[in-house]
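Predicted, not measured: the structure shown is a model, and the values here were computed from it.
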2 protein chains.
Amino acid sequence: MSPPSTLTQIDIYKLRKVCSVCSLRELCLPAGLDQRELAQIDQLVNRRQPVKRGDYLFRAGIELRSLYAIRTGFMKSCVLHEDGREQVAGFHMMGDLMGLDAISSNRHICDAVALEDSEVCEIPLSELEALSREIPSLQQHFHRIMSREIVRDYGVMLLLGSMKAEERLAAFLLNLSQRFAARGYSATEFNLRMTREEIGSYLGLKLETISRALSRFQEDGLIAVRNKRIKLTDIPALRALIGHQACGG
Amino acid sequence: MSPPSTLTQIDIYKLRKVCSVCSLRELCLPAGLDQRELAQIDQLVNRRQPVKRGDYLFRAGIELRSLYAIRTGFMKSCVLHEDGREQVAGFHMMGDLMGLDAISSNRHICDAVALEDSEVCEIPLSELEALSREIPSLQQHFHRIMSREIVRDYGVMLLLGSMKAEERLAAFLLNLSQRFAARGYSATEFNLRMTREEIGSYLGLKLETISRALSRFQEDGLIAVRNKRIKLTDIPALRALIGHQACGG
DNA sequence: CGCATGGTTTGATCCATGTCAAAACCAGTG
DNA sequence: CACTGGTTTTGACATGGATCAAACCATGCG
């Protein structure tokens, strides 16, 4: 049928370009490109873009120009309601791809805000699409990334729809832990880049509830918090919290 | 760069095949194919598949074989928690594409259950991917569909995270209404194919709360319910309900 | 350094929704 | 038709989390 098109030199160049642009392990599975080459092309090509703490990477309603891969830093995305209510839809860190929601209508439907000074790289959608037409493994990988976002969203629904406050928080902390670990950082000790209010918004709770739950976890010896600094001291117990709350009934 | 590849006869044949398989307007934007041809190829090719009420189309954990487009009928998808809790993640009707969550890991992460006798058609992912490499507009369309699912999910998060019971229910009813309307059915009168419990699960509420809220809407003249049959008698009021609840504070 | 600002903690109280229970209803079946 | 099991409604009551309020703390700035 459709033989996997052999890659031309130009294809390979373009592939390197997209991949290197963002040091996205995310998008870089496809071909085995060597590090030095990547690094070189890196400086030539890319639309790297700094985003200062508090700045918007994009806002709901504006036209989609590119997807953005986070190189460094930490961001949140927020869905808005006409009446001003806003809901944090996710927290994003190094390697995450943002803007997928905008493909649907060519307009962003959420805000993306940097929670600390960050650096992103732009990936023009049309270029990515063109390239992924030529390189099946890139195509597949892109699809997986979108699908992974859907899976994540389902997880959040489960959390919001059927867990209670402390379960939600435990799940949240474990999720952060895991993601930091996957990026080579400590799984047990990290900074909460976001405020209690933002955590609350994400978890469908009020900031006071977050604060109280954190205090409780600390009393119970599950964590140690001091301001934004947090240390997970009993991960198994946190895990146990998630499932067993509702088992009595 | 990469010129939009001209379509061979075979391409066009395959495109027709995928599109016709499911009478998916969803996937059929790309080329202007005439109705009769579609209908003909329809019978030749397709993996149409009936799903009886109560049957699983797929279950969490099993391997991804295909995506499924709903031809007729009504389904729900449920995310599960180890401890048995289950959460309805969505309701799906004619034209919707199911199974996108499984692309990420090659395994389904939710159950899909028919809420009435339905008919789906299988779309092998690999075929769809192959074809979309050859036909840019199909590729783009597929991306939009995935993105649309993400957008939907963000909407659900907003709903679960920051709306209260009656707002959620109003939003739910209006959403259903809109989707029926988009498919040529009445926007104001339809059957709720799911139980109160399933609505509750989807909305993060208990069935009693759903029941009470429906009764209240009826008292207030917003709707008329009789068992599963529902009629939206004051859509503007329902709409108003969604935003204005929290405006006092 | 001290002040201002925004974030956090903690307490007291209230309310929306959950829980438990019973009765009514309905759809399908023998 | 009557019986059965599942669904829905409604009521009474309990409770988790929201709300309101005040004090505390950290950070940044003049």
Side-chain angles (χ1 to χ4, degrees), chain A residues 52-54 76 85 87-88 113 115-117 159-173 191-220 223-230 241 245-249, chain B residues 52-54 76 85 87-88 113 115-117 159-173 191-220 223-230 241 245-249:
Chain A
K52 279 231 173 305
R53 178 166 191 260
K76 69 170 175 180
R85 268 181 288 186
Q87 160 95 15
V88 174
V113 186
L115 296 181
E116 61 182 32
D117 291 357
L159 184 144
L160 290 173
S162 55
M163 290 170 48
K164 34 181 66 159
E166 297 196 349
E167 296 181 275
R168 294 185 200 187
L169 186 59
F172 170 72
L173 293 174
N191 281 318
L192 297 169
R193 265 79 166 196
M194 68 299 284
T195 68
R196 306 288 133 108
E197 187 169 19
E198 286 161 335
I199 299 175
S201 170
Y202 179 61
L203 298 178
L205 300 165
K206 293 285 147 168
L207 71 158
E208 294 95 329
T209 306
I210 302 300
S211 177
R212 278 185 243 272
L214 285 173
S215 301
R216 184 134 209 291
F217 285 177
Q218 185 152 34
E219 276 172 40
D220 297 354
I223 65 173
V225 244
R226 165 126 195 104
N227 207 19
K228 302 248 180 219
R229 192 87 201 154
I230 190 167
L241 241 184
Q245 206 117 324
C247 276
Chain B
K52 279 232 172 306
R53 178 165 192 260
K76 69 171 175 180
R85 268 179 290 186
Q87 160 94 16
V88 174
V113 185
L115 296 182
E116 61 181 32
D117 291 356
L159 185 143
L160 291 173
S162 54
M163 289 170 48
K164 36 180 67 157
E166 297 195 349
E167 296 181 275
R168 294 185 200 186
L169 186 60
F172 170 72
L173 293 174
N191 280 320
L192 297 168
R193 266 81 164 193
M194 67 299 284
T195 67
R196 308 286 133 110
E197 186 170 19
E198 286 161 336
I199 300 175
S201 171
Y202 179 62
L203 298 178
L205 300 165
K206 293 286 149 168
L207 70 159
E208 294 95 329
T209 307
I210 302 300
S211 177
R212 278 186 243 271
L214 284 173
S215 301
R216 184 136 210 290
F217 284 178
Q218 185 153 31
E219 276 172 40
D220 298 356
I223 65 173
V225 244
R226 166 125 194 106
N227 206 18
K228 304 248 181 219
R229 193 86 201 153
I230 190 168
L241 242 183
Q245 204 116 326
C247 275

Can you name the residues that form a salt bridge (charged side-chain N to carboxylate O under 4.0 Å, His left out) with B:Asp117, not counting sequence neighbours?
none

What does the B/S/- profile of nucleotides 25-30 of chain D look like, 5' to 3', with a 4.0 Å heavy-atom cutoff to protein?
-S----

What pairs of residues pass the salt bridge (charged side-chain N to carboxylate O under 4.0 Å, His left out) test when at least one of them lies in residues 196-213 of chain A, not counting sequence neighbours?
A:Lys76-A:Glu198

Considering every strand and a 4.0 Å limit on heavy-atom distances, what is the contact class for B:Ser211: base, sugar-phosphate, or nothing?
base

Establish, with yes or no, whether the OP1 or OP2 oxygen of C:dT8 is under 4.0 angstrom from a side-chain nitrogen or oxygen of A:Arg196.
yes

Which heavy atom in B:Phe217 sits nearest to a heavy atom in B:Leu241, and how many Å separate them?
CE2-CD1, 3.4 Å

Residues in salt bridge (charged side-chain N to carboxylate O under 4.0 Å, His left out) contact with A:Arg53, at least two apart in sequence or another chain
none

Looking at B:Arg168 and B:Leu203, would you say the former's side chain and the latter's main chain have a donor-acceptor pair under 3.5 Å?
yes

For a quick check, with a 4.0 angstrom heavy-atom cut-off, what is the B/S/- contact string for nucleotides 13-22 of chain D, read 5' to 3'?
----SSBB--

D:dT10 phosphate, OP1 or OP2: any side-chain N/O from B:Ser215 under 4.0 angstrom?
yes

Taking B:Arg193 for the side chain and B:Glu116 for the main chain, is one N or O donor matched with an acceptor at less than 3.5 Å?
no

Give the angle between the helix axes at the two ends of the helix from C:dC1-D:dG30 to C:dG30-D:dC1, taking five base pairs at each end and rounding to 10°.
40°

